[in-house]
Number of protein chains: 2
Amino acid sequence: MPVTIFDVAKEANVSPSTVSRVIADNPRISEKTKRKVREVMERLDYHPNFQARNLAAKSTKTIGVIMSNSTSLAFQNPFFPEVIRGICTSAHASQYGIYLSTGGTEKEIYEEVVSMVQGKKVDGIILLYSRVDDRTMAYLKDVQFPFTMVGRPYKYENEITYIDNDNRKIAHDVVDYLYHLGHRQIAFIGGNLDFVVSKDRLEGYQQALINVGLPYSDAYFIHDEDFKSNGKSRINKLMMLDEPPTAIVAHDDLVAYEIIRYLEELSVQVPNDISIVSFNNHSLSAYVKPPLTSVDISIFELGFEAANFLLEKVQDSNAAVKHHFVPTTLVERESCKRINIFNE
Amino acid sequence: MPVTIFDVAKEANVSPSTVSRVIADNPRISEKTKRKVREVMERLDYHPNFQARNLAAKSTKTIGVIMSNSTSLAFQNPFFPEVIRGICTSAHASQYGIYLSTGGTEKEIYEEVVSMVQGKKVDGIILLYSRVDDRTMAYLKDVQFPFTMVGRPYKYENEITYIDNDNRKIAHDVVDYLYHLGHRQIAFIGGNLDFVVSKDRLEGYQQALINVGLPYSDAYFIHDEDFKSNGKSRINKLMMLDEPPTAIVAHDDLVAYEIIRYLEELSVQVPNDISIVSFNNHSLSAYVKPPLTSVDISIFELGFEAANFLLEKVQDSNAAVKHHFVPTTLVERESCKRINIFNE
DNA sequence: CTGAAAGCGCTTACAG
DNA sequence: CTGAAAGCGCTTACAG
């Protein structure tokens, strides 16, 4: 019973083809006809059927957004809404919609992506993560389906369009920052190393140590899983070291606050006894005590540019491969302190 | 060039109709034929085209999720990923996908919903909010399109299927909780009153006051917009009252922490000088100082049940109207303190 | 500038 | 249990 292009055509005394062209605002249709047809469309409250249009035009005007739900929820919390907002802002401007997929396991994600691609559900895909040896990414690359990643790809970096922060650099910068505050014992609490973001930050940390001539020690590095299952005792152990750290770099603000809580139980005060700096700059981090020094990673931008890049590829299948690092800012608050050291 | 039902049919020596029935796992097809056809589908790597299937079958197997982005970002942060996770979990189980829409203005949301409905983009819609006098909701109700709300509707409560917390009750309970700790001066920092959730919580607060025989005073109520533009001076004013509150109920944990910061600047300590309790129980609230007493609203459940209800309606157009309040729990942490009062 | 016709890739009565 | 045919509601060469 819904009103179709035929109803409009009949009412307007034109052919369905003409109505279709009016919808597409085809320049070959006279303004007069357009006006007439539009008036009828309005009057009959006509809305084009997307399924039919997509089938005929072989495009869906929607982009698929894939999130890994293995990324810890903690990380998703602030990230997800912002990145989606960025994507939507760009997609909206080009009249694209968003098809969202949150697989459970990696396998489920893979299968859903395959069915999105093969089933022609979407015109392009944004991967909201970059993991090591990701078959979903490999698949997309193999079949040459338009896609974009938020996160530096682990492999084929030069063949894949992506957007990211320069995580190696920001980790490096953060260590430099602490170094210039006088810190020489700097620990690192990292993220899940299945994700490139975590690898990059660890690498930046290590490289910075080398650059300033500090030794890297495994005793100063706590692993994501380790921290999750055993956080409290790992922090205890860290602080019991002969040379305990005077500063900690944490992978995420949530992790930083968890650390701070454990430190408190040991009567170690931030920033007086130990400095801490982390990444991602959650909305709460400005308010709670101590206000956290954290790297703002411009999540909105990340999503916005990912969508822009994708749309370029969708509209021009041989658009050049692009990378872009969106700028970050170290937001200094009150979790770090300058310390005096004799050798400076 | 994609492989279609015809290619499969030819290869398997059956008709396209039969292939279609095998895809739908129609019981009238013999197991033998099914096996043969499935083997061919596998071999040719056949995947059904969704657009075509949807067009012919007049169903899309996707549900639309509408979020208001006027809800302050603060509120969305923890809410959004969890509620989506709940929706996806349910949708996935029934092989449904998610089409996400985040309009800018209310008008944009309305228009996108109309085009989703009329354009047959989705089989049903979940409104992730309930606002006062919402034309989007009114439209959905008018055209009798299957939809569900996360949030109690402002009007037509008995005609609309929704899921929510019992916000009046939890606000009431929270006031009771403070009352039993000895508090008699209880202030309320509310949310945006365009949303029913805020109205309900305010109402619960007021009702609880009445029930325990405490007066309601406008001086103890700070309005969302007021707080956003003027938070610090409003809190100052509140504390300068002849009878300043001994306890505050805050609309959200983020708001609570902002309040705590302003209080600190006034050298008012939580919980020693003033108690504070809030709603929504963010993931950070367990970690930061002071750990916040907050009502956990079971966000995952909210999303999960909303999707369940919707799917029922989609599959059975005259399914009964349903409401359900998902249970909440007051998570006691360290932001509230018992005080002694003479009249107890 | 406009129309008749074929086609997008499925589903589903209808018939046997 | 299976097939031939019509149809879902559009778009787009092709023709004029």
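Chain letters run A, B, ... following the sequence lines, proteins first and then strands; every chain starts at 1.
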Enquirer: Would you indicate what A:Arg28 reaches in the nucleic acid, counting non-hydrogen atoms under 4.0 angstrom: base, sugar-phosphate, or nothing?
Expert: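 Contact class for A:Arg28: base.
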
Enquirer: Indicate the atoms forming the closest heavy-atom contact of A:Tyr96 with A:Thr62, along with that distance.
Expert: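 In this case the closest contact between A:Tyr96 and A:Thr62 is CD2-N, 3.6 Å.
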
Enquirer: Want to settle it: does B:Pro16 or A:Ala56 sit nearer the 5' end of DNA chain D, counting the closest nucleotide to each?
Expert: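 Looking at DNA chain D, the more 5' nearest nucleotide goes with B:Pro16.
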
Enquirer: Go through the steps to decide whether B:Lys121 and B:Tyr99 satisfy the test side-chain hydrogen bond (donor to acceptor under 3.5 Å, both in side chains), and finish with yes or no.
Expert: CA-CA 8 Å; B:Lys121 274 192 199 171; B:Tyr99 192 90; 3.3 Å; yes

Enquirer: Can you tell me how far P of D:dC1 sits from NZ of B:Lys34, to the nearest Å?
Expert: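 After rounding, the gap between these two atoms is 9 Å.
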
Enquirer: Between B:Ala52 and B:Ser15, who's closer to the 5' end of DNA chain D by nearest nucleotide?
Expert: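 Per heavy-atom nearest nucleotide, the more 5' residue is B:Ser15.
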
Enquirer: Between C:dG9 and B:Thr4, is there an OP1 or OP2 to side-chain N/O distance shorter than 4.0 Å?
Expert: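 No, because none of the side-chain N or O atoms of B:Thr4 sits under 4.0 Å from OP1 or OP2 of C:dG9.
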
Enquirer: Nearest-Å distance, CD (B:Gln51) to P (D:dC10)?
Expert: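 The answer, rounded to whole Å, is 14 Å.
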
Enquirer: Tell me whether the side-chain N/O atoms of A:Thr18 come closer than 4.0 Å to OP1 or OP2 in C:dG3.
Expert: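 So the side chain of A:Thr18 is within the cut-off, an N or O lying under 4.0 Å from OP1 or OP2 of C:dG3.
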
Enquirer: Take the protein atom CZ of A:Arg21 and the nucleotide atom P of D:dG9, then report the distance between them rounded to whole Å.
Expert: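 About 21 Å, once rounded to whole Å.
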
Enquirer: What nucleotide among D:dG3, C:dC8, C:dT11 has an atom nearest to a side-chain atom of A:Leu55?
Expert: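 Taking heavy atoms from C-beta onward, the closest nucleotide is C:dC8.
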
Enquirer: Quantified in whole Å, what is the P atom distance between nucleotide D:dG9 and nucleotide D:dA13?
Expert: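 Here D:dG9 and D:dA13 have their P atoms 23 Å from each other.
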
Enquirer: Does this structure show an ion pair linking A:Glu39 with A:Arg43, if we count only N-O contacts that are shorter than 4.0 Å?
Expert: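 Yes.
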
Enquirer: What interatomic distance, in whole Å, is found between P of D:dC10 and the corresponding atom of D:dC14?
Expert: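 So the two P atoms sit 24 Å from each other.
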
Enquirer: How close or far is atom P of C:dC10 from atom CZ of A:Arg53, stated in whole angstroms?
Expert: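 Between P of C:dC10 and CZ of A:Arg53: 21 Å.
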
Enquirer: Take atom C1' in C:dG16 and the same atom in C:dT12, then report the distance between them in whole Å.
Expert: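 That atom pair is separated by 16 Å.
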
Enquirer: Is any side-chain N or O of A:Ser30 closer than 4.0 Å to OP1 or OP2 of C:dT2?
Expert: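 For C:dT2, OP1 or OP2 has a side-chain N or O of A:Ser30 closer than 4.0 Å.
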
Enquirer: Between A:Lys58 and C:dG9, is there a side-chain N or O to OP1/OP2 distance below 4.0 Å?
Expert: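 For C:dG9, OP1 or OP2 has a side-chain N or O of A:Lys58 closer than 4.0 Å.
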
Enquirer: Looking at C:dA4, which nucleotide sits across from it as a Watson-Crick or G-U wobble partner, both distances under 3.5 angstrom, or is there none?
Expert: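 Pairing partner, where one exists within any strand: none, as none qualifies.
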
Enquirer: Which nucleotide wins on minimum distance to the side chain of B:Ala57, given the candidates C:dC14, C:dC10, C:dT11?
Expert: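 Closest of the options to the side chain of B:Ala57: C:dT11.
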
Enquirer: Can you figure out which of D:dT12, D:dC10, D:dC1 approaches the side chain of A:Ile5 most closely?
Expert: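 Closest of the options to the side chain of A:Ile5: D:dC10.
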
Enquirer: Check this for me: does any side-chain nitrogen of one of A:Arg38 and A:Glu42 sit under 4.0 Å from a carboxylate oxygen of the other?
Expert: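 Result for this pair is no, no salt bridge flagged.
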
Enquirer: First locate atom NZ of A:Lys36, then atom CD1 of A:Ile29, and finally report the distance between them rounded to the nearest 0.5 Å.
Expert: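 Going from the NZ atom of A:Lys36 to the CD1 atom of A:Ile29 covers 10.5 Å.
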
Enquirer: Among D:dC14, C:dA13, C:dT11, find the nucleotide with the atom closest to the side chain of B:Ile23.
Expert: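 Within the option list, the nearest is C:dT11.
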
Enquirer: In whole angstroms, how far is the P atom of D:dG3 from the CZ atom of B:Phe6?
Expert: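 About 13 Å, once rounded to whole Å.
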
Enquirer: From CZ of B:Arg35 over to C1' of D:dT2, roughly how many Å is that when rounded to an integer?
Expert: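 Between C1' of D:dT2 and CZ of B:Arg35: 17 Å.
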
Enquirer: Should B:Ser20 be listed as having a side-chain N or O under 4.0 Å from OP1 or OP2 of C:dT11?
Expert: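 So the side-chain polar atoms of B:Ser20 do come within 4.0 Å of the phosphate oxygens OP1 or OP2 of C:dT11, strictly under.
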
Enquirer: Nearest 0.5 Å, what's the NZ-CD distance between B:Lys61 and B:Gln95?
Expert: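 Result: 6.5 Å between the selected atoms.
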
Enquirer: Taking atom P of D:dT11 as reference, at what distance in whole Å does atom CZ of A:Phe50 sit?
Expert: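 Between P of D:dT11 and CZ of A:Phe50: 10 Å.
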
Enquirer: Taking pairing as Watson-Crick or G-U wobble with both contacts under 3.5 Å, can you name the mate of C:dA13, or confirm there isn't one?
Expert: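 Pair assignment: C:dA13 / none.
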
Enquirer: Rounding to a whole Å, what distance do you find between A:Asn26:CG and D:dT11:C1'?
Expert: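 Rounded to the whole Å, the gap is 11 Å.
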
